[in-house]
Enquirer: 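So that we are looking at the same thing, I have put the structure below in structure tokens.
A quick note: this is a predicted structure, and the numbers were derived from the prediction, not measured. Residue numbers start from 1 in every chain, and the chains themselves are labelled A, B, ... in the order their sequence lines are given, proteins ahead of strands.
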Amino acid sequence: MDCFSWSNGLLEINETLVIQQRGVRLYDGDDKAKLDVGVALLSTHRLIWRDVKNHECCIAMPLSQIIFFEEQAAGIGKSAKIVIHLHATPANKEPGPYQHSKYSFIKLSFKEHGQIEFHRRLTEEMTQKRWENTPASQPIPTGTGSQAGRTRAVGIVGIERKIEEKRKETDKNISEAFEDLSKLMVKAKEMVELSRSIANKIKDKQGDISEDETIRFKSYLLSMGIADPVTRETHGSGTHYHLQLAKQLGDMLQAPLEERGGMMALTEVYCLVNRARGMELLSPEDLVNACKMFESLQLPLRLRVFDSGVMVVQLQSHSEEEMIASALDSVSDKGSLTAEEFAKLLGLSVLLSKERLLLAEKVGHLCRDDSVEGLRFYPNLF
Amino acid sequence: MSFEWPWQYSFPPFFTLQPNVDTRQKQLAAWCSLALSYCRHHKLYTLDIMEAQESPVFNNKKIERKLSMEAIQVVFEELRKKGNLEWLDKNKSRCLVMWRRPEEWGKLIHQWVSKIGMVNSVFTLYELSNGDDTEGEEFHGLEDWMLLRSLQALQTDGKAEIITMDDGKGVKFF
């Protein structure tokens, strides 16, 4: 029995499963082994036994250990057995359930039959000696063997080791994942370079390509992203960086703002800008700081903070009076409106339309009805 | 004659305290005048704040809106500031409503006395509020405490003097 080592029960790369049989009890010589009934597995390289209930309890021995084996017929109250005679156990063997044994043979007792087929297959494997043909993978590779031995360590130490191993595994996975990401970023830089060079070429060859096509191509490039995003690397940190960033924002936000009626929530701006920037993502803080520069740079944009704390970017030309007047018009038209209804009417976000209604209320054009049905705005008839 | 509700009564925002200061002031003014004219119509002199919430004044069942307790308190406080209301207890749960302030009542009574040429003569309080002569006058049926307050107001102005008599109180007008 001392020929068995603890195993994780997994087959090696070159190893193939030949047969498996349930209901097998192991005997150390003539004595019953201190193991329960389990499954005996025969592979091209090893004889493996696994406890039927506790799958962690798994032992294996190389077939090369076997000298010869014989059948032992069943008797009254006795199951059929295969007796396996073994070489002396090598000294450097991995730990197993038995460190010493006075017997040089083991027995497999077949409680649920199958011994005939098992015997036949074992004979086949012993004559073919397939484990010798694939020496690359040793019958019991020391790596897994020792690992199996270590995981078997009981108590807190065992658990700690398992956790440590898991952590190492995760670490490896994470660093691999980030390696991919940094490669992608390098590629993204190349993409930006490429688009810029194309843009330059177009500029040079303006005569060859029609004006219309140039514009269309440029708009494709723009929709792909900003050709040369302002980053902390290129423009340093602090005020200068925010100044440059503000200028770039001014250029890129003009069109979307006009499309959306002159006002966008800062969150929306954030998404739009970062989508355009691709890899050089902007932090919310940098965006706010850049937006605060609009006024000092005399750009046609303004950052506006509503009383509720909602921040928006709006065109300077976007007049407040007009906004209030339009809100009053819509509300008078419908009799009363909730922010949701107003948003639907204007195609704006609910948040922004509510801000407009609140603004109109603040100047006294509207008044509110706060009931169980929600907040409604009415023309101020008071 | 049934009570005539103002237009605001069927305007839902009327029942929400407006956050805009200017709007709120107009709203409160409308509430005060509604509350007073309602009390006047129904000759109410005291109000219980808990009952007020259920009364039709602050609860418009037709449009399913009612003024919240806090808002009612704000309206009452506004009335108090204007001198039309006085709390009867510290918890501010009951109050006197004076849809006419004592000075105004006093003025009315004095006008009537001058009209019938009875200046410098003495009246009993009962005569004034329940006598046959005052029937048809607005202050007919005025509650005693209110009448006394009005006369006290006149007295401070030097237009009347309250005299204690054997069977109650009397008043002499100047």
Enquirer: If we only count heavy atoms from C-beta on, is the B:Ile72 to B:Trp31 side-chain gap below 4.5 Å?
Expert: no
Enquirer: So which part of B:Gln8 gets closer than 4.5 Å to some heavy atom of chain A, the side chain, the backbone, both or neither?
Expert: side chain
Enquirer: Against chain A, label B:Phe15 side chain, backbone, both or neither, depending on which of its atoms sit under 4.5 Å from a heavy atom there.
Expert: neither
Enquirer: Check whether A:Val372 gets within reach of chain B through its side chain, its backbone, both or neither, counting any heavy atom under 4.5 Å.
Expert: neither
Enquirer: Compute whether any side-chain donor of one residue and acceptor of the other, for A:Arg376 and A:Ser336, lie under 3.5 angstrom apart.
Expert: yes
Enquirer: May I ask you to check if B:Arg40 and B:Trp99 form a cation-pi contact, with NZ or CZ under 6.0 angstrom from the six-membered ring centre and within 45° of the axis?
Expert: no
Enquirer: If you measure only the distance, is there a donor-acceptor pair under 3.5 Å linking the side chains of A:Ser308 and A:Glu355?
Expert: yes
Enquirer: Report which part of A:Asn380 has an atom under 4.5 Å of a heavy atom belonging to chain B: side chain, backbone, both, or neither.
Expert: side chain
